[in-house]
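Note on naming: letters A, B, ... go to the chains in the order of the sequence lines (proteins, then strands), and numbering restarts at 1 for each one.
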Protein chains: 2
Amino acid sequence: MGRRKVSNPLALAVLALLNERPMHPYEMSSTLRERHKEESIKLNYGSLYTVVEALVRAGFIVAARTVRDGRRPERTIYELTEPGRVELYDWMAELVGTPAKEYTRFDAALSLLPVLAPGDAVRLLADRRLRLTAEVEAGHAARTLAEREGLPRLFALEHEYQAALRQAELDYVERLLAEISARTLDGIELWELFHADPDDPEASRDAVTAVQRELARGRWAGMRAILLREMGAHVPGGHPRPGAGSCPPATRSPSDPHRPEDPR
Amino acid sequence: MGRRKVSNPLALAVLALLNERPMHPYEMSSTLRERHKEESIKLNYGSLYTVVEALVRAGFIVAARTVRDGRRPERTIYELTEPGRVELYDWMAELVGTPAKEYTRFDAALSLLPVLAPGDAVRLLADRRLRLTAEVEAGHAARTLAEREGLPRLFALEHEYQAALRQAELDYVERLLAEISARTLDGIELWELFHADPDDPEASRDAVTAVQRELARGRWAGMRAILLREMGAHVPGGHPRPGAGSCPPATRSPSDPHRPEDPR
DNA sequence: CTCCGGATACTCGGCTGCGAGTAATTGGGG
DNA sequence: CCCCAATTACTCGCAGCCGAGTATCCGGAG
């Protein structure tokens with residue numbers, strides 16, 4: 001568990017629902033679904049029952065009673081306790097008041113983007129742009145529909161927010177795409193060189209001189225050590241400062257056999 | 001596991017590193033750290049070794065050899081296999097090309113925002129704005145520093161992206177804050193009424209008439225059923241359409257004892 | 001009256017993720 | 001030359017998460 005005794009966001013939803021009225025787990029799940037909350041809070045049965053049990057253990061909710069309809073399986077109805085109510089408010093306060101670091105997949109992908117060849121990156125980013133555009137439009141449509149049905153914005157804030165983020169992502173992808181295509185992105189020569197055909201002697205020579213020019217300008221101190229290993233060359237002047245390095249791109253094409261590790 | 005045989009993004013980082021050159025796990029972790037990739041790819045030792053083992057099982061990497069320095073524990077050096085290289089490219093293509101749904105905590109919090117009283121929400125959102133502003137500034141400073149050190153933007157794309165998203169979040173929070181404060185947010189009267197003192201007879205009367213006015217306008221069809229249960233009143237005209245509902249706010253103040261469940 | 005699809009209401013086993021714990025080694029200050 | 005802190009390099013066990021599976025019931029078509 002993290003700081004909270006029960007850290008799954010689904011638990012927060014359970015607390016919020018039980019703050020409305022007592023319920024049994026399946027009703028929680030169907031209510032969340034009905035209200036489209038499963039779009040912002042990941043819901044699945046396994047987790048739901050695990051989380052309910054954990055909340056009971058933590059004393060945030062209690063089984064109020066069990067009912068049975070005909071020969072259906074018994075349903076246990078839970079209700080919020082006073083500590084549970086406190087936890088609900090405290091947790092909400094934390095989530096709303098303090099931005100938290102989130103690890104998204106696109107972050108991961110961007111941080112490793114240099115492993116792809118620039119051309120591939122452009123194609124794929126264009127793909128993403130297309131799909132994002134479609135999502136943005138779908139979002140507009142959904143909001144229009146909801147408005148027509150009279151759903152006040154208050155109850156769809158999370159979708160508004162998601163729409164804003166998607167738009168920002170789209171904008172960023174478009175900027176990036178433009179800069180790569182126009183070859184104005186700082187570092188693109190290095191990127192291209194790292195993906196140049198290693199059997200082409202001219203490209204290899206270019207790579208070495210380009211890298212040396214970069215280093216002569218004192219650019220990217222942390223890269224020095226990495227480049228030394230990568231290129232088997234020796235560049236004088238200074239040791240790598242810790243914390244100055246970043247992602248070195250992939251240097252080998254798939255067909256290129258790996259070279260032996262650098263001596264230590 | 002998801003679609004991938006190994007789905008942890010850390011596995012992607014491992015593949016990317018081994019695409020550069022063979023390494024042992026600890027070196028992977030220190031390299032990721034050195035390059036600041038732990039800021040966009042969650043890294044911890046437990047997961048790293050689990051993931052490496054899983055990649056071996058999947059045939060994406062193999063133990064090339066083991067070395068021992070003096071009396072240190074043996075280090076196993078891994079290298080990428082051809083299927084591993086394919087997986088790396090395929091996975092990157094998926095991540096870059098296709099936007100994926102992410103569940104963030106703030107999404108969850110926003111989707112449950114009505115459980116907080118409007119006043120509390122305003123205070124907390126103002127808090128968030130403050131911290132976000134600080135983060136945005138820290139981001140600028142970091143970029144300036146990196147620039148001075150000569151780190152090409154290409155190797156800090158993920159930070160650029162995160163900065164763009166943070167800015168978008170800040171903008172959204174400011175819009176929302178303004179709208180709540182100015183009471184122009186659609187649905188705010190309902191929100192206030194749901195948090196009105198239930199012992200104040202005037203407020204309660206207001207609540208009923210407000211809700212009935214909403215319903216008379218045909219607003220928020222899906223809310224109908226919820227309100228019926230919540231208020232114990234009966235409003236004629238139509239059953240709730242599935243998929244039209246959203247989040248009903250909390251109706252009880254913490255001191256208010258719960259009422260018995262509605263009869264079925 | 002009977003069949004079938006969809007809703008209801010969970011259960012279960014396995015795997016992943018995590019972070020605290022461990023233990024040896026190196027380096028630098030006194 | 002010795003000691004302590006930091007670094008190197010993992011190990012371990014448990015909790016949580018997941019999603020496929022199960023079993024029952026209801027309502028409408030034929």
Subject >> Under 3.5 Å: donor-acceptor pair, side chain of B:Ser40, backbone of B:Glu158 >> reply: no
Subject >> Distance in angstrom units between A:Glu27 CD and C:dC10 P, rounded >> reply: 10 Å
Subject >> N/O (side chain, A:His24) to phosphate O (OP1/OP2, C:dC10) under 4.0 Å >> reply: yes
**OP:** Starting from the 5' end of DNA chain D, give me the residue, B:Ser30 or B:Gly46, whose nearest nucleotide shows up first.
**Re:** B:Ser30
Subject >> For A:Arg57, side chain to side chain donor-acceptor pair (under 3.5 Å) partners two or more places apart >> reply: none
Original post:
Is the distance from OP1 or OP2 of C:dC18 to the nearest side-chain N or O of B:Ser47 less than 4.0 Å?
Top reply: yes
**OP:** Measure from CZ on A:Arg33 to C1' on C:dG6 and round the result to the nearest Å.
**Re:** 14 Å
Subject >> Residues in side-chain contact (heavy atoms from CB on, under 4.5 Å) contact with A:Val86, at least two apart in sequence or another chain >> reply: A:Glu82
Original post:
About how many Å separate OH of A:Tyr89 and CG of B:Leu116, when rounded to the nearest 0.5 Å?
Top reply: 7.5 Å
Original post:
Among pairs that include at least one residue of residues 91-101 of chain B, which meet side-chain hydrogen bond (donor to acceptor under 3.5 Å, both in side chains), considering only residues two or more places apart or in two chains?
Top reply: B:Arg3-B:Glu94, B:Arg4-B:Glu94
**OP:** To the nearest Å, give me how far apart CZ (B:Arg3) and C1' (D:dG19) are.
**Re:** 17 Å
Subject >> Results of side chain to side chain donor-acceptor pair (under 3.5 Å) for A:Thr104 - residues two or more places apart only >> reply: A:Asp107
Original post:
Excluding sequence neighbours, so at least two apart, what forms side chain to side chain donor-acceptor pair (under 3.5 Å) with B:Ser47?
Top reply: B:Asn44
Subject >> Those residues of residues 53-62 of chain A lying under 4.0 Å from DNA chain D by at least one heavy atom >> reply: A:Arg57
Original post:
To the nearest angstrom, how far is B:Leu10 atom CG from C:dG19 atom C1'?
Top reply: 14 Å
Original post:
Would you call A:Arg143-A:Glu147 a salt bridge at under 4.0 Å N-O?
Top reply: yes
Subject >> B:Lys42 side chain near C:dC18 phosphate (N/O to OP1/OP2, under 4.0 Å) >> reply: yes
Subject >> Net bend of the helix from C:dC1-D:dG30 to C:dG30-D:dC1, end axes of five pairs each, nearest 10 degrees >> reply: 10°
**OP:** From the options D:dC17, D:dC10, C:dC18, select the nucleotide whose nearest atom is closest to the side chain of A:Thr50.
**Re:** D:dC17
Original post:
Can you tell me if the side-chain N/O atoms of B:Asn44 get under 4.0 Å from OP1 or OP2 in C:dG17?
Top reply: no
Original post:
Over how many whole Å does the gap from B:Met23 atom CE to D:dA9 atom P extend?
Top reply: 13 Å
**OP:** Rounded off to whole Å, could you give me the CZ-to-C1' distance for the A:Arg4 and C:dC18 pair?
**Re:** 19 Å
Subject >> side chain to side chain donor-acceptor pair (under 3.5 Å) partners for A:Glu39, two or more places apart >> reply: A:His159
Original post:
Within the pair B:Tyr26 and D:dT8, is there a side-chain N or O less than 4.0 Å away from OP1 or OP2?
Top reply: yes
**OP:** Using the test ring-ring contact (aromatic ring centres under 6.0 Å, His included), find all partners of B:Tyr161 that sit at least two apart in sequence or belong to another chain.
**Re:** A:Phe106, A:Tyr172
Subject >> Value in whole Å for how far the C1' atom of C:dC10 lies from CZ of A:Arg75 >> reply: 12 Å
Subject >> Atom pair distance, as rounded to whole Å: OH in B:Tyr45 and C1' in D:dT8 >> reply: 8 Å
Original post:
Within the structure, does a side-chain N or O atom of A:Asn8 lie under 4.0 Å from either OP1 or OP2 of D:dG16?
Top reply: no
